Each structure stands twice: as structure tokens, then as C-alpha cells.
Amino acid sequence: MSESTGRHTPAAGGVQPLLELRDLDTDIALRHGTVHALDGVSLQVMPGETLGVVGESGSGKTMTALSIMGLLPPGGRVSGGQILFEGRDLRALPADEVRRIRGVRMGMVFQDPLTSLNPTMRIGAQVGEPLRVHERVGRAEARERTIEILRRVGMPRPERIVDNYPHELSGGMRQRVAIAMALVCSPRLLIADEPTTALDVTTQRQILELIDDLKEEFGMAVVLVTHDLGVIAGRADRVAVMYAGRVVETATTAELFRSPRHRYTQALMEALPESAIRESGEHARLYSIPGLPPDLSRPLTGCRFAPRCRHVTDECRTTEVTLSAGAHQHACLHPVPTELAAPVRLPAPVRVEPAPAVAAASSAESAAEPVLSVRNLVKNYAAHGRGLLRRTAGQVSAVADVSFDVAPGETFGLVGESGCGKSTVGRLAVGLEQPTAGQILLDGTDIAGLTGRERRRMHRQVQLMFQDSYAAMNPRMRVDAILAEPLEIQKVGGTTERRARIATLLDQVGLSRRVLERYPHEFSGGQLQRIGLARSLALQPRLIVGDEPVSALDVSIQAQVLNLMRDLQRELGLAYVFISHDLSVVDYMADRIGVMYLGKLVEVGPARDVVRAARHPYTQALIDAVPSVTPNAAAERDGVTIRGELPSALNPPTGCRFRTRCPLAQDICATEPPLAGDAHEVACHFPLRPESTAAAAPAGAAA
Amino acid sequence: MTTLSEAVRPGAVPDQPADAEAPPVRGLWRQGLVVFCENRLALVGLGLFVLLAGICFLGPLFYHTDQVHTDLTAVHLTPGEQGHPLGTDGVGYDQLGRLMLGGQTSIIVGLAAGILATAVGTIWGAVAGFAGGWVDSAMMRVVDAMMSIPSLFLFMLLAAIVTPSVPMLIVIIGAFAWLGPARLVRGDALTLRSREYVQAMRGMGGTGGRAVRRHIVPNAIGTVIVNATFQVADAILYVAYLSFLGLGVPPPAANWGGMLSDGLADTYSGHWWLLYPPGIAIILIVLAFNFIGDGLRDAFEVRLRRR
Amino acid sequence: GGGSGSSKDGGSQGKDTATVAFRTPNWILPISAPGFTQGENAIFGQALYRSLYQYKLDGTAQYNIDPQRSMAEAPVVSDGGRTLTITLKDNTWSDGKPVTTRDIQFWYDLVKANKDKWASYRAGGLPDNIAQWSVKDEKTFSITTTKVFNTAWFVDNQLNKITPMPQHAWDKDSATATVSDLASTPAGAKKVFDFLTAAAKDPKTYDSNELWKVTSGPWKLAKYVPNGEVTLAAQPTYSGTDKPKLAKIVLRPFTGDDAEFNVLRAGDIDYGYVPAANLSQEGYLKSKGYTVSPWYGWSVTYLQLNFNNPKTGVLFKQPYLRQSLQMLIDQPTISKVIWSGTAAPTCGPVPAKPGTNGADAAGCAYSFDPAKAKELLESHGWKVTPDGQTTCQTPGSGPNQCGDGIAAGTPLKLTVTSQTGFAATTKMFAEIKSQMAKLGIPLTIKEVPDSVAVTPACKPTDATCSWDMSFFGSQGSWYYPAFASGERLFATGAPVNLGSYSNPEADKLIEATQFSGDESALKAYNDFLAKDLPVLWMPNPVFQVSAYRSGLQGVEPQDPMNFMYFQDWSWK
Amino acid sequence: MVRYLITRVGQALVVVVLVTVIAFLILHLLPGGAARATLGKEATLEQLAAFNHDMGYDRPWIQQYGMYVHRLLRGDLGYSYQLNQSVVEAISQRLPKTMVLSLLSTVLAIVLAIPLGVIQAVRRNRWPDYAITSLSLLAYATPIFFLGLMMIILFSQVWPVLPPEAPQGFTVAEVLADPAGLVLPTITLAIVTIAVYSRYVRSAMVDNLNENYVRTARSKGLSERRVVLRHTLRNGLFPVIALLGMYLPALFSGALVVESLFNFPGMGHLFWQAALKRDFPILLGVTVIISIATVVGALVADLLYAAVDPRVRLQRSAS
Ligand SMILES: Nc1ncnc2c1ncn2[C@@H]1O[C@H](COP(=O)(O)OP(=O)(O)OP(=O)(O)O)[C@@H](O)[C@H]1O
Ligand SMILES: Nc1ncnc2c1ncn2[C@@H]1O[C@H](COP(=O)(O)OP(=O)(O)OP(=O)(O)O)[C@@H](O)[C@H]1O
Ligand SMILES: [Mg+2]
Ligand SMILES: [Mg+2]
């Protein structure tokens, strides 16, 4: 969109930038010392432009946004530079003036829609508040305008919603409210800090599209902060890449993705699972950036990426590198040569290559006795009513009649929107909870019939790995105790043997022995995930159920963990059940994929088939919603779009549970479709494609 | 008395340190200590406590007084008279020596009763919280019932049943002050029970007993210790209230609360040294424990904070 | 109304009102019910319903009868002392009807038929000891007793209970019934009594119920709030000679000594008391225009010993041991220092004439003498270890031995159950404990709210018999009626003989005080018990230290038997 | 809602029943018994026996308990010999006084504690916070009887501006007609309460000020005042409502002391005197009434909480 339409090139003379940051420094004072969160950040945002800001966690994206808004956390202050908004330096203006600008001329949307709204104020009051405060409009008018703006952000029944409280809305609706609140005074600039990170892909797509539409409509500029390159690729005109408190590269989106110049940007892109698949068409190892970002509370010299860079020279460590001039700015002494930067081979949002033989092979393999076999699994939770007047009502159907097998050494991926029952399946599989009905067979034995001792032994076979390893480790135990715990519980070996086993484990996950006497809070997310993996491996299980094991990690770290998991699988012949909401990760990891919707398994099949030739409309919708690093791809998609909200699991729709949101739904869908098919099963009355070699079915997936 | 310990739950402290590279390797205890020391009031409290305890327990080694035999020829001597720095009381005991003796009782009763209450409450709350279901309901209804009777009432009745003596006071206060800790610990146990690390442990085949032993108790210990500090402060106050109500420890045992309430009668007699020193001593010691409790709360919270 | 109101009424001289710190009386019927015998009820009762005889102890009158206030002439004795003939003076009820023997007969009928519900009833006492009750005419009646009693005793300790009651208003069994002679039959008397008791158990109607409007006293009830303020107003139709001089007396209750004293200091009441610890405030109160005056009681104070305690009873049974314990109690010094001079040594069962015995214990059989106490113990085979534990070294019943039932090695170790809430008492026992410690007798002090309740008279086999010594004398252990005989305290099996003291010799002497006309019987009884120590004698505190506005006249002398005659009061 | 109410009321009933059992058991253990304490040392054994028989104290305690509950259900709390009043009468005479005192001091405490707590939270870890923390802990550490006495000495003796006792009127109207007399007792009782509440408000406010929604509010360009008062304070105050219900027993404990100090015979003083005199019917009656008040208070606070705070889900495990 950007380059091709020729709008708003940053250097375009005459047009004054709406927002310009010049050498912005932001410090956060801590108990001990100071974090230099931003160090000389310079950015420009032209009127009507979308600027994407990307970078790893801790790179200063949020601090940039908060500095602009003047909302730094306690202890934080802008210590140098200028924030020019419409030509005026916000730092030099009186506080009241800035406050007005913040309320009227700028708007901000925060990451977490769950906590960003005042829980005890009606939606109407919250959204209308800036009007009442800044424009001094009356109550009635404010209400009217609130309803209007809610309608514009696509809120269903806005007249009703204004009188609701935040907890009565779903995550997506809350985020719409947050956007409406930011837009109610028609600001010139909208800053969106990871507006969709907490949302499902399907909702994410809706919200991003909304922002795009509104931008057009209001003619405002947008600063879109995200760590997801895919999101940026689809939406931004220009991108700024941040690392360790600095902007290391800015360029138009197309330019950046076509030929990234900074070595960091390059590394980031290579770490994406998508690119691994793209490069080889095979499950190759991901490129992972070694090490961790620097500690910003220490004085740093030279290129901050130097310690982790493949192309580092001594010069990098000593020379302060500044952004180069021009339209494509970068701060790298050894940039990726333009000629070598082969244009990024854009992957198709949905793969259309022929299915390789592997799929068939793996399904043939599965003829062997499965490690885990789930048969007609049902789990209902007693439900409690919400709110004052809703009585206790029935049951939450978390898992409804799910069956699948996992062969030895296989990775079975489980995907689906939040709340569809993925975690519940995982917990049931490891015996943490009792199924309401159905069987779980481990190596052919039903775990329901086990006696106490057998049960304990059963726990050796299968281990759970958590999304948040920190939460899954007792903060008061040192790593040695944490790793020894499974051995103690299962009474494996004596003290010396245990110590030896722990040492082996650390080697396997690539951590040094020194970590043993540290506490969980002293580790980074990636390290913790390794420790969690080590703990899962301690008992030499045959199956590990990973419940979103990498969802909390940055791409670079994620790559490390994914590589590790794959290496271990090869070495130890492990089977994984890999739960994730991120299709591209599952696609990369899994041999076979199961797609869940509202407690039901709607589609199971070999990974490539499912991702490339989805048969269920829901699967297709999921795939379409995944943002891709192909710039502007989303806009051109015309695949299946899901409408509306996920129905409540309390009263799931009868028959096909997806029918309420399905574009293809017909009357017959009120009866339950069976899971049918051979290797690639689907539960749909109107499957998108017949089961066959996927290449034959390009429908709905225009490249 | 509803105590601060029950009423004020810790507020989260926001300034989380940066997500930095290699966090300084520091023991949990040391880190807690550092934070504790940063709380100036906590240090003041600790200093006060050490000072008062030192005076009470070590003082008599250097300052000898006869706290056994009365001397009716030397009653109500004003401070300074006949070598009594704080004068004498109504039966001729040296008031400074008496304060030291009374301080010993107050501190011992406070510590012992506070610890007893905390221990009983912790066990009760942990069992209820971990057992859950109707056991929990039944146990918590008992707590509710006892909490809805003003504690002073309970103490009064109990003190009327048994004859107050130092061990008895400890038991009485301990026997009824455990309700607060029981509630706290039960709440903690309930949340801890569903923590992911407990689930992880169960996923390895661990038992409920192990969960309590290795995970729930060690993690609830912070709450418990902080609460114990407030309990100690409250126990000292309770003794004072009981003395005021005429149910304190009889002579020659002395405690600050008793001395204070005895001193009340001397309000207008001009014998100010019988009223104000014990009053100030009691305020200081209770204040000290409250300050310490606040500091400990910060310390324990920081220890659990993620990076 | 409220506090500001009362402080306006009271606290101001020259007016016709006095505000008095006074616990709220809660019984109005002249026949007292168990549980309602507190002093405030007696004073309140006297103000509304005069008793037949009233007494004064200044020794001027025969049988201590107060000739002014009594409603009858002194009894005429005949029949060898068995018959007393009593003639009423001319008095009227507040409604103008005369007070006649019919009203006394009415009282007698009710008491006789309901004696077990009468607080003052003792088996063998009134009315059991009356053989014949005969009414001669409207003004004269005579009583013939079953035995010959010492007249002084009978007049002072039995006739004091008689209170004329308005038969013409009360002799009915419901509020709507008409007055008849219902009470003349036992069954009727029961009904009437129940009716009157029910009315008395409804204090909130005290100032409205028609029953209580007919009175014989100098005061009438103007306002009554249960557990609150009570206002007495002068009775205009009062027929006695001691006509009230003030128009109103406001009785104000307080929640405690401290509260009372704060208000007294603030000058909001006309008559109050100074709590023991605040006696040094006399000067301040005087400067605020108050007179501070101790109110001596016709009382003795003692420490009860439990002779029936299975362990220590044997010790108390040894006279030498009681003597040595008594010698450790420094009554004069305690009285002077701890009670600030508001107590005086008790030497025997008969109180010294109020206010006369100084702070010395000159008349006491055993004065404070720790050395002699020690010698006494040692000479009876005890090994005395000062500040340690004294034990019996030579058991046996010989003269130089510990005594019967005391084994070798028996420690001399005692516990006293005392009262909480009295600073002076606490100090007193601290002193006694200190003295005992010097002789190696560890004394444990247990303070309880109600020592009488937890130290009942008991048999050695009772579980409750584990107490050693009991003290309930912070305000005096025992207040006598006008005749200070000991039949209720020290006679074998007497009701208030909590320690089960029993001595045939003492019993004989006590009986003599009751039944012989011998003037010296009382002295003989006193002398014997003063020496034999049925209890340990303790400093006897004053009833209270009163503080009243100096302008308030007629408060003195304060009646040792704890009556208050508000009618004598007036403003200067 | 209805279900929730039923469960909560059911729990409340269980609690009240438990209270009566506990109180009964404790009283059963009281040595000395009521008879002697009531009738005095002169009472004869027959009189004691008659009294015990009248009051039913000679029966097995289970039976006594049964009788008590039976009468309780008819609203009959028994009769106090000590006072010559029925317990219901005695309590209804004193309850208004205690209620006036508690209510006034609670209102005062809340009115002062909220701003104090807010100031502390907003100026967290700076001198106003330290100062208020120290002062409120100082207030908390001072035994209330000492505090009350100091008040009297200061304001009615050294500097005699206020009366040393509470109003002596008998009805609520009479009591309220003498506001000067109410000042000292109300303040004394309030001071400790302020300490507890302000600490509580502070911690609730600190929690809330760190919530994301506060940042959102600021991003709307609202003034700091509006952010604190309109957004944070409301949410910070909800837990205080819950505290109010729970704080009732403590308030009564404090009232006990204040009442006797300021010559204001209310429920607390009634209980104290009854405890000293073994007045069982009063002891039981007061305990039952206060526990009912507490249970009802907690229930009302819960419902109120649920009503004002839209977040509260009623199924939140009740206890
Ligand atoms: N409240 C705070 N106190 C101290 N340091 C902070 C605070 N918030 C952020 N930081 C530090 O400031 C730096 C920049 O953080 P920032 O939140 O801007 O990163 P980010 O790019 O938004 O990361 P994420 O993707 O995790 O949101 C980091 O080093 C971070 O640790
Ligand atoms: N313990 C429980 N009690 C009641 N309902 C539950 C419980 N655990 C899960 N549920 C419900 O079951 C359904 C499935 O939850 P589950 O956690 O398995 O979903 P998920 O797919 O893992 O979602 P997410 O991606 O958010 O982790 C949800 O509706 C959830 O509310
Ligand atoms: Mg961020
Ligand atoms: Mg999940």
C-alpha cells in the first residue's frame, strides 16, 4: 500500500511531520540505579501514516509510546531530547496544555483489554469521559456521541453496551471499547501498544482491520507497536525496528521486508518459524539469536546488538553507530548488502505445495501402538452463574467427545481459539484431572483404572510443560530442588544418582551447572522454559504435553526453545502433544494437527494437509486470520471470515458448534457432523475440500 | 480488636526491576533483608525492639533492685529520691526495676501468645484450605462464629474461668487470637493449592501431603511470619486490656499493661512516674512490632517478585 | 435533660437539689428478695418506706434505737424477756391514712407465708422464732418469742427487718382488684406477695405504678430509669419529724470509679466518693469547694481460712500457725501507707467504735512481729528458710512438733483468692506476700472478680474445696447490724462461715450473745475470737471516702451502718 | 441471587448457632456459678438451690441449651437477676447508646480515614506517607483506655473545654441533644478505627493506582485529581465496605472500654459488669445480639459490595 500508492514518504518535503521524536532519552529510576529505557530515539510520524514499531521484549517500544503520552511509570522521566507534536515540543509546554493534547489530539490503546478499562464504571461513562472533560459537553450529548463512536468501532447494539460494565464484554469487545475511547475526541494520532497481543487471531484480525478502516475515516496517523512482524507487515506504511532502547532501522514496510539492512532485523526474520518452512519446505532448524538483550541499567558502548551478532567486528563494540541518512535508515556498521538481500520470498498465507511423502509416512507410522490414545473424551465443569441475577446454570462443556492418537516420536499439535478446551485436554491427558466420560489410554492402559502406585508410575510416562514456567516453579525452591523434585516423588535413585541425572539434564537443555543454586526469579523466560523442559525430561517420559510452551517468548528465544524441543525429540524419541494458538508455530512443530472449536475436535490430519488444505471452514478462517510477514497480504485475502463472538461454552450450540459463525451454515448443521475421513478427518457437513492430495484443492486460498 | 494484621493486606509494589540480563545472584533471604532495611520505619521498629528488650532483659544484670520484697517505708518516692531514678510505687518497689520486670512479662507473653496464635491459626487455616469442601466449610464457620464474638469478650470470659497467670494469659490469648491467622492462611492455602507449581508437582505423581509440606507451607510462611509480628503487638495490647478490665496477672508479677492500668488510678495523684513510663513503654513496643511487621511484609513481597 | 441538665441542677449551691453518685437501686418492695440486698436498695427503701426501727451507734440510746427516726417507741420487755410490746407513734402514709398495726401485721403475714422467698430469712430466725404475734389495737402489738433471746440482739438484729407496708393499698392480687384482707390467709398472702414481687420486678414502672405512690418515707419517687438516674422528691405529706430540707435528690450511677472521679473533679456532682488511689487529691477537691470525709463502717475485715481444705486445712487448724501468720500482717502500716489512713486494724470480731480506733493496733492480741512468728514456727518443728521454702522438720502432735496430720517435709505454701479491681487490695497482698516470703512461705495470689463465689464453704471431699485463703474485704468483709454478734460468721455451720471454722468454745460464747441478757457476753465472745483467730484479721477500710460540697450540711455524721438520710441534707 | 442469598443466610444461621454453643460452653465452664455471685455471701444453701432451680442451672447443660434456644426463638433472652430486668429490656435500653457511639465514631473514622489513606497512597513512600503511617500506628499502639484518659485530662481537666463524660440522657434524642459530651468518647473510639481504616484504604488505593485502568484514565488527559477521585477511589473503597461488616466486633470491644471510661453505660459496659458478676443471661444475650449484628453486618456488607461493585460475582467462595 505504502510504496505503491506513493503516499507519505517520510522525507517528502513540505509536509510537516505530525509527531517527531528527536534524540529522546528516557530513564527509569529504580531502587538501585537507573534503567536507560530509551537512548536517543528519533522517529517521525507523518499525518495519516501508520508507523509500525517492532522489537523484542524490553526493546523500549512501550516506553517510547508512554514517553510520547507522558504516562511513564513511577520513577520514569524523559531526560533528554524533544517530542514535537504538531510542531510544538511537548516537554516545553505547561502540564495542563499537555494533558489537553493527550486527551484530545492523541489517543492510546493499551495491550491488555481486560485490565485497561475501569471495572466499576459503565462503558458509556468511560468512553464519554474525554468529551465531558475536554469538550464540556452535556450528559445527553456525550451519551449520544458515545453510542455513535461505539457504532463506528463496530460494536453490536451500542445503545445497550453503553450501560454495561467491562466484565460483561468479551476481550474483543473490550478492545473495541478501548479504541472508541481513544477516538472519541477525533485525535490526530492514535498510539496502539500491542493492541491485539492478548486476543485470538480471529479477533486480532477484526481489530487490526478496524484500526485500518478508522485511520482512513478519521485521517489520523497511527503508531502501531507490536512484537509481531506479521502484524506490522500487514498494516504499517513504515516500520521502525527497535533494539535495546534504540531505533536500529526504519524503512517503508515493503522495503524493510524486501531487504532488511540491519543484522538484527535480518536475524529476527530468520528466527520466524514461517521462514524456516519457507526456506526449505522442510522442518529445518530455526535460526536463533544467541544470548539475551543487554541490561539497560548498565552503561553500554558500541552497537548494542554486537554481542549477539553473527557479523560482529571489534569496531562494532566500540563505535557508537548512528542511523544512516535517507529513506531507509539503519544503524549498522556491517549492514546486509543490498545486492545480497534477496527479496524475501513471500510464503503463501496457506501452503499450496504438494504434500510431501512425510505425511503419508507418518500416518503409516501411526499404525504402531500409539503412546497416547484419547477416546471420546468428555469434560464438563459445573458452571457458576455470573452477575447478580444469573442463576447457576448447567455445565461448561470444556471438552466434548474428543478422540485422537499420538504415535511414539510424533508431535501432535492442538490449535484453536482461547477457551476451546486445549488446556483441558492437556491436563486430562497427564492425569491432572478426571474426565467426565471417555478414556485416556497410555500405552494401551486406561489410566482411570490405575491403583495408587500404578498411577504414580504412570506419571513417569507423561509430563506436562507449562506456558508460564515461572508460575510452574515454586519461587522458594532453588533450581536443584526443582529438578530433583520429580526424582524424589518417583523415588528414583539415591542422592548421587539424582545429582548425576540433573547434570545430564542441564547438559541436554544447554544450561550451565551454575544455575543450580539460583532461584526461578533470577532467570529469563527462555532459560526458565529450558529448566521446565529439563524437569519434564527428568523422568525420561515417552510423552510431553506442552501447553503453549513458547507463547510467552520472543521470536528469538522462541526459536531457541523450539529447536531444543526438536533436538530432544530426535535424541530421545519423545512424543509431544504441542498445544498452541499460534498456527505457524504448530505448523512448524507438528507432524499432525488437531483443530478444536468449543470443546470439539473439528479437524485432524497431517500438519501440511491441515494447514495447506484445510477442510473445515473454521480451520480455514483461523489460517486466514494469521498475520503473515507478507506485507498487505491480509487486505487481499478474501477467504473465510468469522463473524461475531465465540459462543459461551455454557450453552454450546447444538449440532455443529461452529454453525453460528459459519458462512456456509445450513439447516442440516443443526445435526452433529461426525468426524469423518481417513488420515485427514473433518467434522463438517460441507467440508471445503474433499480429502485428497491437497494440491488439488486450491479453493478459498488465493495466493 | 480487629487487628491491622487482618485488616491490611499487602499492597503490591509496582516498581519491578527491569527485565535485565543476568540478575544479581542474591539469596532470597539477603534480598529480603535489604528491602527490610530500606524501610526506615522497620529499622526504627527493630531498633526500638532491640533497645526495649535489651533494657528489660539485660538491664537487671546491671541495675539491681528488689522486686520481691515490698518496702512500705519507701512508697511513692519521687524520681531521683533515695537513688531510685524513676521513683518507687505504692508498695516501695523501684519503678525502673519494675518496668524492666514488667517488660519481660509483656514481651514474653506477647511473643509466646503471638506465636501460639499464629501456630494454631496456621494449622487450622492450612488444613481447612487444603481439605476444602465441607471440612473447610465447617472449620471456617467455627472461625466465623468466634470472630463474631468480640475478642475482648472472649478474653474476659476466659480470664474469668481460669485464674490469670503468665502461662495462662499466653494460652488464653493464643487460644482466641488465632482466628485472624487462620483466615489468612486458609486464603493463602486456597490460592496456593491451585498454583501451577502445585499442579506441576501433582503431574509428577506427588501427593497432597507433599504439596502441603514442600509448597504450600513454605510459600505461606511469609504471610505467617508477617502476621505473627502483628499478633505479638496485639497480644501485648490484649494483656493491657485484660489488666484494665481487672483480669490481668496478679503481683508480684508485673507487666506493662497492668502497670499502666494500675497507673490510671494514679492519674491525679501526682505520681506521674507510675502512669507515663509504662504507657510509653507499651506504645513503643507495640509500635515497634507494627513497624517490623510492615517492613517484613515489604521484604517478603520483594522476595517473591519476579525479577 | 441529660448530663448537662443534671450538672446544672447539682453542683450549684443555694439550690434545693443535690446530685449524688449512687448506684441505681433496683428493688423497691420493703421485703427484699434474694439477689437484691445491695446497700443502695436499703437506702432507697428507707427513703420511701421507713422501717419500724432505725438505729444509731453513738451509744446514747437504749438498744441503739434512734428515737427520732423510728416509727415506734422502744419495745417494752415482759415475760422474762420473751414478750416485747411495741407501741407505734403517730404517722401517716403519704395519702394521709394513718400507719397502724394493721400495716405491720400485713408485713408479717406476707413474710410468714413467703419466708423462703425473703432474702433476710434464716432458718430459726424471723419469723420462725416468733411464737405469738398479737395485735392489741391500732397502735400496739406484742411479740412473744419461742425462746428467751438477748433483747439487744433481738431488737437490733431481728426487729430491724420489720417495715410497715400500706395494707390499705397493697392487699390485693392484681392491679385492678380491690383491696381486701386477702393476706390474712397464707394462701392469700402468697398471692399478694406474688403480685407485689411481680410489680417490683418491673423497674421501668417504678415511677408510674400506683402501688409505689403510697409511701411512708420522707421522699417520693419522681423519676426512675432502670440502671440510670433516679430522682427523689421531697414528700410533702411526710409525717416524720425529720422533714426533708431539699426538694430533690438526684441519684446518678457511674460506670466505674475513674468515671466517677473525673466527674467529681469536674465539679458536676454534690456528693461522691474519692477512689482509694486518689486520696492525695484531697487538697485539690478542697480547693474546688469539697469536703472530704471518710465514712467509717460498722464492719470487720478478715482473711478467711479454709479449715476444710484437705491439704492445708491441717495447717490452719494449728493455732500457733494462725498466730504466726497473723503476726506477719502489719495492719497499722498497711492501713497507713496502702490505705492512706482510710483503714484501721481489725482486732476481733466486734468492730471498734467507728472512727475511734486509730491506726495503731494497740488492742490487738497479735501485733506485727515477724521475728516472733519465725520463732513460733521454729519452735513447732518447722525449718524456716527465708526466701525459700519452709518445711516441717519434726512432725507429730507434741508441743514442739508441727501438729496432727502434718507430715515431715510438708511445705508451708499458701494460695490466697482475692478480689480484682482494687488497687489497695492488690498492694496489700503484695506486702503480705513479701512478709511471708521472708519466712519462706510462698504465697500465690489469685485475683478473681468474685472471691466469695469461688470459695464456698465446703466439705473436704468437695472438688471446690481446694482453696486455702479467701479475701473479700476490699470494702470491708462484713457489715453488722446494730448488734455485732457472730452467729452468722463464726458459729459452726454458720451461713457465712466460708472456712468452716468450728470451735465448741466459740459456739458457746456466740450463743451467749444471742440468748443471754449478759451485757458482757459480747466482750467475752470478742476477746476469745480475737485470740483464737477463726480468720486472719485484716485492716478494715472505710466504707468509702466521701466528698461533698462544703455547703452541703447534714451529711455528717455518716451512718456506720451505711444508711443515708437525705432528709437531713440542706444547703448552707 | 436467590440461591446465593439462601446460602449466605444459611451460613449466617449456622454461625449464630455456633456462637450460642460456644458461649454456652464457655459459660458452663465459669467457676463459682451464677447463684452465689447473684445472691451474695449471705445466701443460704436453700436459696442457692432455689435460684439454680429457677434459672434451670441444675439441669444438664444440653437441656439448658435446648431451653435457651427454645426461648431465644420466641425472642426471649431471659431475665437478669442482677439488674432486675429482662435481658431484652436491658439490651434495648443500652443498645441505642452503643449504636450512637459506634455509628458516630465509624462515620468520623471513615470521613477522616479515606482522605488520609488517599494522601498516603498518592504520596507513597514520601514524608506525608511516613508521617501518617507513624501517627496512625501510634494511635493503634495506644491502649484505648490510656488514650481516653489522656483525652479527658487534656480536654476536660487541663484545658476544660469539654465534659469528661458522655451525655447522660436516656434516649437517643437526649443523647444527641448534648453534642459536646459526645465529642471525646466519639473521637477516642474513632482514633483507633481511623488507624485501621486508613491503613486499609492506603493499601487498597496503592493496589488500584497500579492498575492498568488508571493509566488508561490518564491517557484520556484527565487531571490527576479526577483520576484519583473518580476512578481509583471508588474501586479502592469497595473492600472497605467489606471491612465495615467485619469490624463490628472490634468496635464493640473498643466501645466497652470507652463506655466505662466516659460513664456511658452501653452494651460493652453491660457485658463487662455481667462478666464480673456472672450474669449469665446478660452475657449470653449480649453475645448473641452482637454476633447476630456482626453476621448481619457481614451479610449486608457482602450484598452491598455485590450491589455496588459490578465485578463481584456472587459465587465467589463465601467464607
Ligand atoms: N516500570 C518499570 N520500571 C523499570 N523499568 C522498566 C519499567 N517498565 C519497563 N522497564 C524497562 O524499560 C525497558 C523498556 O521496556 P518496554 O516496556 O518499553 O519494552 P517493550 O519493548 O514494550 O517490551 P514488551 O514487548 O515486553 O512490552 C526495559 O528494559 C524494561 O525492563
Ligand atoms: N476449573 C474449571 N472450572 C470451570 N470451567 C473451566 C475450568 N477450567 C476450564 N474451564 C472452562 O473450560 C473451557 C476450556 O478451557 P481451557 O482452559 O481448556 O481452554 P484453552 O483452549 O486452553 O484456552 P486458552 O487458549 O485461553 O488457554 C473454557 O470455557 C473454560 O472457561
Ligand atoms: Mg511493551
Ligand atoms: Mg490454555
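The chains referred to below are lettered A, B, ... by the order of the sequence lines, with proteins before strands, and numbering in each begins at 1. These numbers come from the heavy atoms of this one structure, side chains and all, not from hydrogens, waters or symmetry mates. Predicted model, so just to flag it, every value in this text is computed and none were measured.
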Cut-off 4.5 Å, heavy atoms of chain B, and the answer for M150(D) is side chain
Turns out that what part of A240(B) lies under 4.5 Å from chain D's heavy atoms comes down to both
Whatever's closer than 4.5 Å to a heavy atom in chain B on S134(D) counts as both
Highest number of heavy-atom pairs under 4.5 Å with chain D among I285(B), V286(B), I283(B) belongs to I283(B)
The reported gap from CE in M146(B) to CD1 in I26(D) (rounded to nearest 0.5 angstrom) is 6.5 Å
Here the gap from F271(D) atom CZ to L245(B) atom CG, rounded to the nearest 0.5 Å, amounts to 10.0 Å
Nearest heavy-atom approach of V15(D) to R141(B) is CG2-CD, 3.8 Å
Rounded to the nearest 0.5 Å, the CG atom of L275(B) sits from the CD1 atom of I153(D) at a distance of 6.5 Å
Applying a strict 4.5 Å limit to non-hydrogen atoms, the region of V44(B) in contact with chain D is neither
Rounded to the nearest 0.5 angstrom, the CG-OG distance for L154(B) and S253(D) is 8.5 Å
Whatever's closer than 4.5 Å to a heavy atom in chain D on L284(B) counts as neither
If one checks every heavy atom of L256(D) against chain B at 4.5 Å, the contacting part turns out to be side chain
| message | Are F146(D) and Y276(B) packed together at the side-chain level, in the sense that at least one heavy-atom pair is separated by less than 4.5 angstrom? | response | yes
Cut-off 4.5 Å, heavy atoms of chain B, and the answer for I22(D) is side chain
Honestly, the part of S261(B) sitting under 4.5 Å from a heavy atom of chain D is both
So, the part of L41(B) with a heavy atom under 4.5 Å from chain D: the answer is side chain
Between L287(B) and L138(D), the two heavy atoms sitting closest are CD1-N, 3.4 Å
Rounding to 0.5 Å, atoms CD1 (I149(B)) and OG1 (T294(D)) come to a distance of 9.0 Å
Per side-chain contact (heavy atoms from CB on, under 4.5 Å), S148(B) is matched among V296(D), T287(D), V19(D) by V19(D)
Cut-off 4.5 Å, heavy atoms of chain B, and the answer for L149(D) is side chain
Turns out that what part of Y268(B) lies under 4.5 Å from chain D's heavy atoms comes down to side chain
Across all chains, not counting sequence neighbours, the ring-ring contact (aromatic ring centres under 6.0 Å, His included) partners of F145(D) are Y241(B), F244(B)
Honestly, the part of L283(D) sitting under 4.5 Å from a heavy atom of chain B is side chain
Okay, I152(D) and chain B: the region with an atom under 4.5 Å from a heavy atom over there is side chain
Whatever's closer than 4.5 Å to a heavy atom in chain B on V286(D) counts as side chain
CG (D294(B)) and CG (L137(D)) are apart, to the nearest 0.5 Å, by 6.0 Å
